[in-house]
Amino acid sequence: MVFEQSLDQVAPDTAQAINQERERQEATLGMIASENHVSKAVLEAQGSVLTNKYAEGYPGNRYYGGCDHVDTIENQAIQRAKELFGAEHVNVQPHSGTQANMGVYFSVLNPGDRIFSLSLSHGGHLSHGHKVNFSGQLYDVEQYEVDPETGYIDYDDMARHADEFDPDIIVSGSSAYPREVEYDRIAKIAREIDAYHLADIAHVTGLIAADVHTSPVGHADFITGSTHKTIRAGRGGIIMCRDEYADDIDSAVFPGSQGGPLMHNIAGKAAGFGEAQTDSFVQYAEQVVSNAKALADVFNNQGLSLVSGGTDKHLLLVDLRDSHPDLTGKEAESALSDVGIIVNKNTVPGETRSPMVTSGIRVGTPSLTTRGFKEGEMEAVGELIVDVLNNPDGEAVCDRVASTVDNLCSEFPIYAGTPP
Ligand code: DSN
């Protein structure tokens, strides 16, 4: 009976590709800032029978029967998130960070209303109003930028611009801004022009949960995030807000913009949030930041140019234009990938190349820190990256780097023992 057969028997080509992806993750150094390696516990929750269950509605108030156990699980995820972040109301149903942002926009904006957010090429995100995204198509968007000299958000300029534009909502938060966001200053700007403040903490959810990054709780009307990046929980999104907005947020998520919640992912969120409540997670988050700072020191000492000069968190944005004017972000990504170091090309402030080419790379430390890397290993990886950027076509250099990467991967396995 097909139902009893393993994946390997039913779809051997798919099983093979999954195995190859597991091997790729084990055999390369993942440095994409938005990625991480979840625990076996989170994988177990996500791969569970919960995928079978429909549960439109919210705990205690569903449209289908048989929801007792999924109610328990969703309440666990909500309660743990409340404890981690100190939020009054939590919705764990958004399928992603973008869906979480959609939930907030749908709860308080009408089509044509105004969004004021960080430009994508200055570190923002597609769902903050980019013209190719629903957020840029439904709403009237203006964007703030970082100071071209310092690479930091210029809050005085932002205040002036906000006053002129008079937005309905200000979005703070980013996907490639290496510095802490001053949520209190943005809250003040929003208050003065009577705008809502949405803080998108997608990248730093884990750092905030561990209290190693400033929290927007108390400074933002709405907080959105994803749950699989620095916080290493089940894949998806989350919205937090004060109780006064709870009903509007819940109905904007379901039925406003989603159908049935992905209960297996919500179980993964419950599992990962439980892990994030432990002392070892706090140590992990501290190490993520220490590792990023160690990497920044190597890059600075080796003459690479970093947007804002360094980092406060888990990622660095390398602007290649000064040190390597003829090397594009795309070429750098490819040369590093060839030796087993996985980063992503990224636009930089003042970008002149296309987003598919770019003049920068974004480098993150969450995944390698999960593998157990400390400052020493991170410095070694930093030197390897510089070697490749300086010699992208140098066979001898790249062979040596690839062999060192192999050794590091063997020394720091992700899923030691039985492969998940
Ligand atoms: N794709 C994520 C990132 O890389 O930042 C954001 O959605």
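All values below come from the heavy atoms of this structure, side chains included, with hydrogens, waters and symmetry mates left out. As the structure lists them, so they are numbered: ligands from 1, and atoms in each ligand from 1.
The backbone N or O of Phe412 lies less than 3.5 Å from a partner atom in the side chain of Arg371, making a donor-acceptor pair. A donor-acceptor contact shorter than 3.5 Å links the side chain of Asp312 to the backbone of Glu180. Under the 3.5 Å distance criterion, the side-chain polar atoms of Thr230 are matched with a main-chain donor or acceptor of Gly206.
Figure legend: cation-pi geometry between Arg114 and Phe165, with NZ or CZ positioned under 6.0 Å from the six-membered ring centre and within 45° of its axis. Relative to the six-membered ring of Tyr155, Arg160 misses at least one condition, a distance below 6.0 Å or an angle of at most 45° to the axis.
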**OP:** Give the C-alpha distance, both sets of side-chain angles, the deciding distance and a yes or no for salt bridge (charged side-chain N to carboxylate O under 4.0 Å, His left out) between Glu26 and Arg22.
**Re:** CA-CA 6 Å; Glu26 291 282 356; Arg22 183 178 52 76; 5.4 Å; no
Nitrogen or oxygen contacts under 3.5 Å, ligand 1 side and protein side:
{"residue": "ligand 1", "atom": "4 (O)", "partner": "Ser34", "partner atom": "OG", "Å": "2.7"}
{"residue": "ligand 1", "atom": "4 (O)", "partner": "Arg362", "partner atom": "NH2", "Å": "2.7"}
{"residue": "ligand 1", "atom": "5 (O)", "partner": "His203", "partner atom": "NE2", "Å": "2.7"}
{"residue": "ligand 1", "atom": "5 (O)", "partner": "Arg362", "partner atom": "NH1", "Å": "3.0"}
{"residue": "ligand 1", "atom": "7 (O)", "partner": "His125", "partner atom": "NE2", "Å": "2.9"}

